[in-house]
K.L.:
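Below: one structure in structure tokens.
Side-chain atoms are counted along with the backbone in the values below, which use heavy atoms only and exclude waters and symmetry mates.
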Amino acid sequence: MEIKKIAVIGGGLMGRQIALCASIHGVDATVYDLKPEVLEAVDKWEKEYMAGRIAKGRMTEAQVAEAESRFHIVGDLAEAVKDVDCVIEAIIEVQEVKASVIRQLDKLIRKDCIIATNSSAMVSSLFADCMEDPSRLCNMHFYNPALVMKFVEVVQGPHTSTETAQAVYDLALKMEKKPIWQKKEIAGFAGNYLIGGLIERARYLVENGYCTPQEVDTAQEYGFNHKMGTFRMNDLTGIDLGFTMMKTRYERTGKKPDMYDVYEQMVKENKLGRKTGIGFYDYRTNPNGEAPASEVIDVTPYRDLNKIAVIGGGLMGRQIALCAAICGVDATVYDLKPEVLEAVDKWEKEYMAGRIAKGRMTEAQVAEAESRFHIVGDLEAAVKDVDCVIEAIIEVKDVKASVIRQLDKLIRKDCIIATNSSYMVSSLFADCMEDPSRLCNMHFYNPALVMKFVEVVQGPHTSTETAGAIFKLAKRMGKMPIWQKKEIAGFAGNYLVAGLSQRAKYLVQNGYCTAQEVDTALEFGFNHKMGVFRMNDLTGIDLSFTMMKATYERTGEKPDMYDIYEQMVKENKLGRKTGHGFYDYV
């Protein structure tokens with residue numbers, strides 16, 4: 001069935017945009033509202049919006065006239081839904097009101113007409129008993145603003161026919177949206193279910209003093225390529241809206257959400273985000289927002305770390321050292337294998353030649369950086385008189401512990417040791433040092449020469465002076481570091497994204513949607529530059545499976561999609577590096 005003619009019930013901001021979007025893309029669309037003043041507002045808004053499209057050169061006068069010939073405003077419900085193929089309900093989010101309207105519509109529409117509810121949270125099965133034939137009922141959830149946002153969720157309930165879901169999905173495609181076809185219902189739908197895992201963890205980190213809201217956003221934006229972090233997005237959508245949702249949840253569950261009191265106080269103080277000029281960020285002097293003075297990281301003038309040694313000449317270690325050398329820090333790479341050091345030397349020369357060829361550095365700049373970059377095969381010589389040693393070796397606890405003990409006997413008494421482990425907190429190695437106050441985490445993200453995000457994690461044994469000096473070093477290296485004041489397994493970044501990743505894998509494992517649909521939800525619904533599975537293809541399916549395997553062995557509980565990842569590794573479908581993963585790159 002092809003949907004050529006629709007009616008949208010509700011002339012609010014969402015309803016009117018859905019209807020106009022449809023008419024722009026060739027679908028006959030009628031807006032109905034029971035309030036005459038709302039319909040007058042719709043008429044005025046539509047004319048102003050379309051005039052703006054002409055003024056900006058996005059549509060010609062002829063195209064606007066054609067679209068407007070398909071856009072109708074009607075104040076009589078029976079007339080509005082007469083002979084339409086689909087009715088989209090876009091009214092107030094109150095279950096009883098929606099049920100009443102759907103019952104009324106079922107008596108007025110054609111027997112083959114579809115009803116799609118645009119509810120942002122209520123699954124259509126809640127209204128299945130409102131229709132004589134519920135197979136013609138489904139969810140069609142547009143994201144706000146509907147004229148701009150590409151993402152649409154089509155949700156097939158247990159009562160919904162495949163023909164109905166297909167027709168609504170095709171309608172979304174006709175409207176040039178990026179829809180997903182969710183094959184099973186879940187509260188809040190796939191998008192909100194996914195992002196809920198991220199939001200809950202973001203608020204947990206702030207509520208419990210691990211980091212600030214701005215540091216959480218830094219982790220998301222610079223560590224995982226999200227266009228907007230949780231709190232920056234909250235400022236955009238409105239702190240009052242966020243608080244309303246938290247309050248509803250609190251009333252329903254009896255459990256106070258993390259940061260409830262913070263949001264409540266912000267609402268009282270009219271700190272609602274962009275619309276009032278201040279929220280988690282201050283937009284009054286900078287339209288892009290600045291961190292309020294109370295949230296700015298400790299700026300005490302910690303000591304400079306001018307000379308470092310990196311232990312481990314692998315891809316991560318060599319990149320950390322070269323990044324430091326390029327940024328003015330004397331850096332030595334040590335590895336116990338001569339062949340690794342030879343590979344480092346060859347790689348460094350080729351990389352720097354490439355920088356010259358691409359015009360990113362001059363020959364003089366490269367020569368200066370290379371004068372600060374050293375490759376040494378003797379550990380004692382490598383760490384002699386350095387200010388900081390960064391450990392970047394294999395992720396095996398006993399091996400790291402042995403190396404840190406050895407280092408502690410060789411370095412100066414005021415030298416800092418920073419471990420680049422991607423998940424092991426430095427307190428695991430505190431007993432390896434005579435003075436553990438000089439030990440902390442400094443977690444670079446891969447590839448270290450490109451990725452801006454660095455996590456500085458202050459353990460219970462770590463002095464503020466140590467963490468501050470490492471934070472300052474990261475800034476000097478051109479990074480966007482966060483200073484995590486307490487340890488958490490996997491650190492803030494991995495803790496955050498794990499909530500998202502776990503829910504993404506749950507949806508695929510349990511047949512709600514495909515891996516590609518999960519990515520569509522994140523990329524087009526929440527402005528993430530990369531969805532979970534596209535990111536997995538970039539970092540390597542084998543790396544993801546190794547982490548899943550470690551979790552399985554530690555907990556005895558098999559992670560969702562474990563068997564899928566295991567099979568992909570067996571078939572060498574490792575993502576970008578082999579040309580095949582969740583996506584095909586050949």
K.L.:
Measure centre to centre between the rings of Y506 and Y193, then say whether the value is under 6.0 Å.
P.N.:
yes
K.L.:
Counting only N and O atoms by type, is there a donor-acceptor contact under 3.5 Å from the side chain of R110 to the main-chain atoms of D83?
P.N.:
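Looks like yes, one N/O pair under 3.5 Å.
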K.L.:
Give, for atom CG of L126 and atom CG of L137, the distance between the pair rounded to the nearest 0.5 Å.
P.N.:
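Reported value, rounded in 0.5 Å steps: 10.0 Å.
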K.L.:
Could you tell me whether a side-chain N or O of E517 sits under 3.5 Å from a main-chain N or O of T514, the two making a donor and an acceptor?
P.N.:
yes
K.L.:
Verify whether the ring centers belonging to F524 and F151 lie closer than 6.0 Å.
P.N.:
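When the ring centroids of F524 and F151 are compared, they turn out to be at least 6.0 Å apart.
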K.L.:
Considering only NZ, NE, NH1 and NH2 on the basic side and carboxylate oxygens on the acidic side, decide whether D537 and K577 come within less than 4.0 Å.
P.N.:
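Not counted as a salt bridge, because no side-chain N and carboxylate O are separated by less than 4.0 Å.
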K.L.:
Please report the C-alpha distance between D33 and V42 in whole Å, then the side-chain angles of each, then the deciding distance to 0.1 Å, and finally whether the side-chain contact (heavy atoms from CB on, under 4.5 Å) criterion is met.
P.N.:
CA-CA 10 Å; D33 200 283; V42 171; over 6 Å; no
K.L.:
Does K505 count as lying over the ring of Y565, i.e. NZ or CZ under 6.0 Å from the six-ring centre, within 45 degrees of the axis?
P.N.:
yes
K.L.:
Assign the ring pair Y260 / Y250 to parallel, tilted or perpendicular, where the plane angle (0 to 90°) is split at 30° and 60°.
P.N.:
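Ring orientation, 0 to 90° scale: perpendicular.
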K.L.:
Hey, are the side chains of R136 and D106 touching, using non-hydrogen atoms and a 4.5 Å cut-off?
P.N.:
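Yes, side chains in contact.
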K.L.:
I need the Y32 OH to E89 CD distance, nearest 0.5 Å.
P.N.:
13.0 Å
K.L.:
Assess R534 against Y583: is NZ or CZ under 6.0 Å from the centre of the six-membered ring, and within 45 degrees of the ring's axis?
P.N.:
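Relative to the ring axis of Y583, which defines the angle, R534 lies inside both limits.
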K.L.:
Considering all heavy atoms of both residues, which atom of A80 and which atom of V74 are nearest to each other, and what is their separation?
P.N.:
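Heavy-atom minimum between the residues: N-CG1, 3.9 Å.
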K.L.:
State, with a plain yes or no, whether a side-chain heavy atom of V84 is found less than 4.5 Å away from one of C113.
P.N.:
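V84 reaches C113 side chain to side chain.
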K.L.:
Do I115 and I102 have side-chain heavy atoms sitting under 4.5 Å apart?
P.N.:
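Contact flag for I115/I102 side chains = yes.
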K.L.:
Taking the six-membered ring for Trp, are Y495 and Y210 ring centroids under 6.0 Å apart?
P.N.:
no
K.L.:
Return the minimal non-hydrogen interatomic distance between I18 and A146, and the atom names on each side.
P.N.:
CG1-CB, 4.0 Å
K.L.:
Examine F491 together with Y423 and report whether their ring centres are nearer than 6.0 Å.
P.N.:
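Centroid separation for F491 and Y423: 6.0 Å or greater.
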K.L.:
Is the closest basic N to carboxylate O distance between K44 and E40 below 4.0 Å?
P.N.:
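Looking at E40 together with K44, the answer is no, because their closest N to O distance does not fall below 4.0 Å.
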K.L.:
Whether the side chain of T212 engages the backbone of E215 through a donor-acceptor N/O pair (distance < 3.5 Å, no angle test) should be reported.
P.N.:
yes
K.L.:
For atom CD of Q265, is the number of surrounding heavy atoms from other residues, nucleotides or ligands below 6.0 Å larger than 12?
P.N.:
yes
K.L.:
Are F224 and Y445 an aromatic pair by the rule of ring centers under 6.0 Å?
P.N.:
yes
K.L.:
Mind checking whether M266 and L272 have side chains closer than 4.5 Å, heavy atoms only?
P.N.:
no
K.L.:
Would you call E251-K256 a salt bridge at under 4.0 Å N-O?
P.N.:
no
K.L.:
Classify the side-chain pair D240/Y263 by whether it contains a donor and acceptor separated by less than 3.5 Å.
P.N.:
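Their side chains do not contain a donor-acceptor pair, so the 3.5 Å distance test is not met.
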K.L.:
Could K184 and Y512 be counted as a cation-pi pair, given that NZ or CZ must be under 6.0 Å from the ring centre and within 45° of the axis?
P.N.:
yes
K.L.:
Just to verify, which of H141, E153, M14 counts as forming a side chain to side chain contact (heavy atoms under 4.5 Å, CB included) with S120?
P.N.:
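So the option named by the test is H141.
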K.L.:
Does M547 have more than 12 heavy atoms from other residues, nucleotides or ligands lying within 6.0 Å of its CE?
P.N.:
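No, because the 6.0 Å sphere around CE of M547 holds 12 heavy atoms or fewer from other groups.
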K.L.:
Establish, yes or no, whether the cationic atom of R232 lies under 6.0 Å from the six-membered ring centre of F280 and within 45° of the ring axis.
P.N.:
no
K.L.:
Do the numbers put K47 on top of the ring of W45, so that NZ or CZ is under 6.0 Å from the six-membered ring centre and no more than 45° off the axis?
P.N.:
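Pair K47/W45 does not count as cation-pi.
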K.L.:
Can you confirm whether I9 sits close enough to I88 that some side-chain heavy atom of one is under 4.5 Å from a side-chain heavy atom of the other?
P.N.:
no
K.L.:
Within a reach of under 6.0 Å around NZ of K98, are more than 12 heavy atoms found that belong to other residues, nucleotides or ligands?
P.N.:
yes
K.L.:
Can you check whether T230's main-chain N or O pairs, donor with acceptor, with D217's side chain at less than 3.5 Å?
P.N.:
yes
K.L.:
State the CD1-OG1 distance between I239 and T276, to the nearest 0.5 angstrom.
P.N.:
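Here the interatomic distance stands at 8.5 Å.
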K.L.:
For M259, is there any backbone N or O sitting under 3.5 Å from a side-chain donor or acceptor partner on E207?
P.N.:
yes
K.L.:
Using the six-membered ring of F231, assess whether NZ or CZ of R203 lies under 6.0 Å from its centre and within 45 degrees of the ring axis.
P.N.:
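No, R203 does not lie over the aromatic ring of F231.
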K.L.:
Can you find a side-chain donor-acceptor pair between Q166 and D170 that sits under 3.5 Å?
P.N.:
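Present: a donor and an acceptor within the cut-off.
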K.L.:
So does S135 get a backbone contact from the side chain of T164, meaning a donor-acceptor N/O pair under 3.5 Å?
P.N.:
yes
K.L.:
Going through the checks in order, is the side chain to side chain donor-acceptor pair (under 3.5 Å) test met by W181 and Q156?
P.N.:
CA-CA 7 Å; W181 181 343; Q156 183 174 356; 2.9 Å; yes
